[in-house]
**Q** 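Below: one structure in structure tokens.
Counting starts at 1 for both ligands and their atoms, following the listed order.
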Amino acid sequence: MTAQIISGTEVAKEIREELKVEVAGLLEKHGVVPGLVTILVGENPASQSYVAAKNKTAHALGIHSEQVTLAAETTEVDLLALVDKYNQDPNIHGILVQLPLPKHINEANVLYAIDPEKDVDGFHPVNVGKMVLGEQCFLPCTPHGILELLVRSGVQTSGAEVVIIGRSNIVGKPIANLMLQKRSGGNATVTLCHTRTKDMAAHCRRADILIAAVGVPKMVTADMVKDGVAIIDVGVNRIGMTEAGKAILAGDVDFESVKEKASCITPVPGGVGPMTITMLMKNTVQAAKMAAKLI
Ligand code: GUN
């Protein structure tokens, strides 16, 4: 069997078309323009390219977007003051502070300072708590994107054995939580594996849906998966540079060998990445609608 490729690029395009119409309608009917600010501290090349992609997508959808780039030496106090400035700004509905932050800045202090109603990343404890309870909130963008990819690609999650590798706050923990909830893309039996898991391969081989979010290039190999598995590869690992200076990317899954056993698989790039950005746009539009009391 050779796997069907789940194109995040295509699914993201479909959702972006829907959002474009919604954004145009907000302006026409209500005079509302959703606004997003991205804040990047330092010069991490991967973060620079993610933030640039987020701003480019926002512009393309008619979302107002501001990009703030700060020196790596910026103090926590100065960053908190900037967050507070945008908390007060009525034209900004979503605030995104790109992670990771430099070591001298306490990430939690910064994330907790963002107004939960502008927390389009879904990282504030208020939103995390609501997510766990299954209440209406901003869902974190990568897990939300994965759910949309699965649902829109017709992958059955109800009753499925889902195995997730990686327990990060950004991906592993929230996707585990969402997939066990009684919701679209949920109702699965979930196993969350991590660095202390005994016999990771044995867990992976049970999976109907395998989600890899570890940051280790090509860690999941063909001998670790069963025939017919659906694979979601969240990893974006830079494994080299082309002569033209472009990053060569690899996922956490050994795509070439695993695709011969899987029923469907997301590529890297062009899988989860475009979905993450698209769900950020969706959250920004939701934030603008909430601020205008339209929802
Ligand atoms: N760094 C890696 N992924 C993310 C994300 O989804 N949001 C933010 N703010 N930083 C990230």
**Q** Hey, does the side chain of Asp208 reach the backbone of Ala160 with a donor-acceptor pair shorter than 3.5 angstrom?
**A** no

**Q** Please say whether more than 12 non-hydrogen atoms of neighbouring residues, nucleotides or ligands are located less than 6.0 Å from CD in Glu28.
**A** no

**Q** List the closest protein heavy-atom neighbour of atom 1 (N) of ligand 1: residue, atom name, distance to the nearest 0.1 Å.
**A** Leu99 O, 2.9 Å

**Q** Of all the non-hydrogen atoms in the protein, which one sits nearest to atom 11 (C) of ligand 1, and at what distance?
**A** Gln98 NE2, 3.4 Å

**Q** Who's the nearest protein heavy-atom neighbour of atom 9 (N) of ligand 1, and how far?
**A** Asp121 OD2, 2.6 Å

**Q** Would you mind listing which atoms of ligand 1 come within a distance below 4.0 Å of any non-hydrogen atom of Val97?
**A** 8 (C), 9 (N)

**Q** Please report the closest heavy-atom contact between Ile15 and Met279, naming both atoms and the distance.
**A** CD1-SD, 4.4 Å

**Q** How does Phe123 reach ligand 1, if at all, at less than 4.0 Å between non-hydrogen atoms: by side chain, backbone, both, or neither?
**A** side chain

**Q** Less than 4.0 Å between a side-chain N and a carboxylate O, is that true for Lys85 and Glu66?
**A** no

**Q** Is the shortest side-chain heavy-atom distance between Ile175 and Leu147 below 4.5 Å?
**A** yes

